[in-house]
Amino acid sequence: MFKEIIPTSEFINSKLTAKANRQLQDPLVIMTGNIPTWLTELGKTCPFFFPFDTRQMLFYVTAFDRDRAMQRLLDTNPEINQSDSQDSRVAPRLDRKKRTVNREELLKQAESVMQDLGSSRAMLEIQYENEVGTGLGPTLEFYALVSQELQRADLGLWRGEEVTLSNPKGSQEGTKYIQNLQGLFALPFGRTAKPAHIAKVKMKFRFLGKLMAKASMNFRLVDLPLGLPFCKWMLRQETSLTSHDLFDIDPVVARSKKRLEQDKSQTKESLQYALETLTMNGCSVEDLGLDFTLPGFPNIELKKGGKDIPVTIHNLEEYLRLVIFWALNEGVSRQFDSFRDGFESVFPLSHLQYFYPEELDQLLCGSKADTWDAKTLMECCRPDHGSTPDSRAVKFLFEILSSFDNEQQRLFLQSVTGSPRLPVGGFRSLNPPLTTVRKTFESTENPDDFLPSVMTCVNYLKFNAGQTVDSSKRRAAVIPCLLITTRSQKSDHLSNIQYNSLTETDMENMQGN
């Protein structure tokens, strides 16, 4: 793998960045559309001059309408004078359109929603049939759940290993999903692929493009682990894909190819000797039994009649070149062309030129998994409605959250916010911020009979603060139970879930998990 010789941060120009930020944080500049041309041109041709946050704001200002750009500015800069935001000349006016979907037919209905509203300038809001919540939380959950559905193995979209979910819900029981530790990349087509199958897959990729563009336009995230070659296709950099990119979609094939590539570097004089001595894991090239088909896909011929053409030392170089070409370009071009068509039906892909391929996953899918620490959580989360930062229960809560592994973090975020990922910047960029709220009870109610609940529309986590150390620990320790319980529910209208009291054995089991 390649490593940076000089960190990209060394190229950031602090003076240009400060000047750019002044322009991008001026409400009147945004609402009048007076962004200087030097800024947009530098942002695309020399993105290394500016940090990611600056380029992200530049993207929102130039890619979308001024009301959306203004809303983004107010969301990310709450310190902007409120009088400016209330001024009729700069106050954003965003139309909103609500759609109701059925969880049991989520992918099919999501396709219908994108067909109707994907190209609309309106902010999309989702509500689920027979459930009471609407707004931010259910909408974020919609994008996350549809992202998961698009990774189903039976759709035939992705390279990778078939797995089952660790916490399946409803129709997910027994369903296989694709997992690829290197990130998702399209499953290749061969010359003989059936037209009906090609059309079906292309339709799904077009839908995916529209879904990702709509999510980006509305400041939402999709939960898709994008591979680096996928991002290069998005930026129209597919001609730059090389054998190095093969490691990002199939490291096993890439390592085998690298060893064969080393073996074929023979001079003309030593070629005859190489035919007799060339080996890989103790086998000659001929004994490996390779033919001109794509490794792992025996029905995809690299050239006409490839099934009947054995790989030898004489044609090894051609074989390696064709493997790269079919795996990264020819075999997937129709899928990515459909993806780009769907994306550009919402807004032009050229606006993504402010970013490097390595950054698109952050832009579209949010912050990568990171360790949570209690200090950062205390700084970024807001106590409200009777909850205080000095509360024992709040402190214990943050200590427990800081011990979560990646999967527990995803479950917690899904339960509290609706999305399993945080935006770039982590909890500091979460809007609205995660807020701890003290539950209130009637005089006849026993607080010990209630566990935490959430309001995903405003990122509220509501629980009883507890008056004693033991009680506070109890309040904080039920959070893992909240995750398990909500994930096992058929629906996630979390504010209405009724919990029972816990026994001491329950508490020990939860803390053990």
(request) Classify the side-chain pair D67/Q71 by whether it contains a donor and acceptor separated by less than 3.5 Å. (result) no

(request) Classify the side-chain pair Y356/T8 by whether it contains a donor and acceptor separated by less than 3.5 Å. (result) no

(message) Set out, in order, the CA-CA distance, both residues' side-chain angles and the distance that settles side-chain contact (heavy atoms from CB on, under 4.5 Å) for R99 and I126, then state yes or no.
(response) CA-CA 5 Å; R99 287 293 184 271; I126 295 296; 4.2 Å; yes

(request) Look only at the side chain of W233 and the backbone of L328, and say whether a donor-acceptor pair between them is shorter than 3.5 Å. (result) yes

(message) Consider ring pair (Phe, Tyr, Trp, His ring centres under 6.0 Å). Of F247, F336, F339, which one does F185 pass it with?
(response) F336

(request) Flag the pair L187 / V201 as yes when at least one side-chain heavy-atom distance between them is below 4.5 Å, and no otherwise. (result) no

(request) Kindly give the heavy-atom pair with the smallest separation between D65 and L94, and that separation in Å. (result) OD2-CD2, 4.1 Å

(message) Distance check, rounded to the nearest 0.5 Å: E359 atom CD versus L235 atom CG?
(response) 10.0 Å

N/O donor-acceptor pairs under 3.5 Å from side chains in residues 26-35, not counting sequence neighbours:
{"residue": "D26", "atom": "OD1", "partner": "L28", "partner atom": "N", "Å": "3.0"}
{"residue": "T32", "atom": "OG1", "partner": "L28", "partner atom": "O", "Å": "2.6"}
{"residue": "T32", "atom": "OG1", "partner": "V29", "partner atom": "O", "Å": "3.3"}
{"residue": "T32", "atom": "OG1", "partner": "N34", "partner atom": "ND2", "Å": "3.1"}

(message) Treating S345 as the side-chain partner and G342 as the backbone partner, does any N or O pair qualify as donor plus acceptor under 3.5 Å?
(response) yes

(message) Is it the case that the side chain of D248 and the backbone of P229 share a donor-acceptor pair, with hydrogens and angles ignored and the cut-off at 3.5 Å?
(response) no

(message) Between T139 and G135 (side chain of the first, backbone of the second, donor and acceptor by atom type, cut-off under 3.5 Å), is there such a pair?
(response) yes

(message) Looking at Q115, I'd like to know if its CD atom is crowded, meaning that more than 12 non-hydrogen atoms belonging to other residues, nucleotides or ligands lie closer than 6.0 Å.
(response) no

(message) As a test of understanding, state which of E129, E141, Q109 forms a side chain to side chain donor-acceptor pair (under 3.5 Å) with R103.
(response) E141

(request) Keeping to residues at least two apart or across chains, list the side chain to side chain donor-acceptor pair (under 3.5 Å) pairs with something in residues 330-341. (result) E238-R340, D337-R340

(request) Would you check if L224 and F230 make a side-chain contact, meaning some heavy-atom pair closer than 4.5 Å? (result) no

(message) Tell me which one of L434, L413, T417 satisfies side-chain contact (heavy atoms from CB on, under 4.5 Å) with L422.
(response) L413

(message) Once salt bridge (charged side-chain N to carboxylate O under 4.0 Å, His left out) is applied, do any residues pair with D116, and if so which ones, sequence neighbours excluded?
(response) none

(request) Taking ring-ring contact (aromatic ring centres under 6.0 Å, His included) as the test, write out the residues that go with F343, two or more places apart. (result) F347

(message) Going by side chain to side chain donor-acceptor pair (under 3.5 Å), name the pairs with one or both residues in residues 187-198, residues two or more places apart or in two chains.
(response) none

(message) Using 0.5 Å steps for rounding, measure from the CG atom of L58 to the OH atom of Y60.
(response) 12.5 Å

(request) Verify, without hydrogens or angle tests, whether Y354 (side chain) and T54 (backbone) share a donor-acceptor contact under 3.5 angstrom. (result) no

(request) Could you list all the salt bridge (charged side-chain N to carboxylate O under 4.0 Å, His left out) pairs where at least one residue sits in residues 213-234, not counting sequence neighbours? (result) D223-R410, D223-R421, K232-D245

(request) List in chain and number order the residues that pass salt bridge (charged side-chain N to carboxylate O under 4.0 Å, His left out) with K375, two or more places apart in sequence or in another chain; answer none if no residue qualifies. (result) E379

Which pairs of donor and acceptor atoms, one on a side chain in residues 42-52, lie under 3.5 Å apart (sequence neighbours left out)?
{"residue": "T45", "atom": "OG1", "partner": "E41", "partner atom": "O", "Å": "2.7"}

(message) Holding to salt bridge (charged side-chain N to carboxylate O under 4.0 Å, His left out), I want the full list of residues that pass it with R236, two or more places apart in sequence or in another chain.
(response) E344

(request) Kindly say whether the aromatic ring centers of F205 and W158 come within a distance under 6.0 Å. (result) yes

(message) Listing request: all salt bridge (charged side-chain N to carboxylate O under 4.0 Å, His left out) pairs with a residue in residues 154-163, at least two apart in sequence or in separate chains.
(response) R152-D154, R159-D250

(message) Please enumerate all residues that pass ring-ring contact (aromatic ring centres under 6.0 Å, His included) together with Y143, with sequence neighbours excluded.
(response) none

(request) Give a yes or no answer on whether the side chain of E149 reaches the backbone of L145 with a donor-acceptor pair at less than 3.5 Å. (result) no

(request) To the nearest 0.5 Å, tell me how far M378 CE sits from S402 OG. (result) 11.5 Å

(request) Please name all residues satisfying ring-ring contact (aromatic ring centres under 6.0 Å, His included) with F207, sequence neighbours left out, ordered by chain then number. (result) none

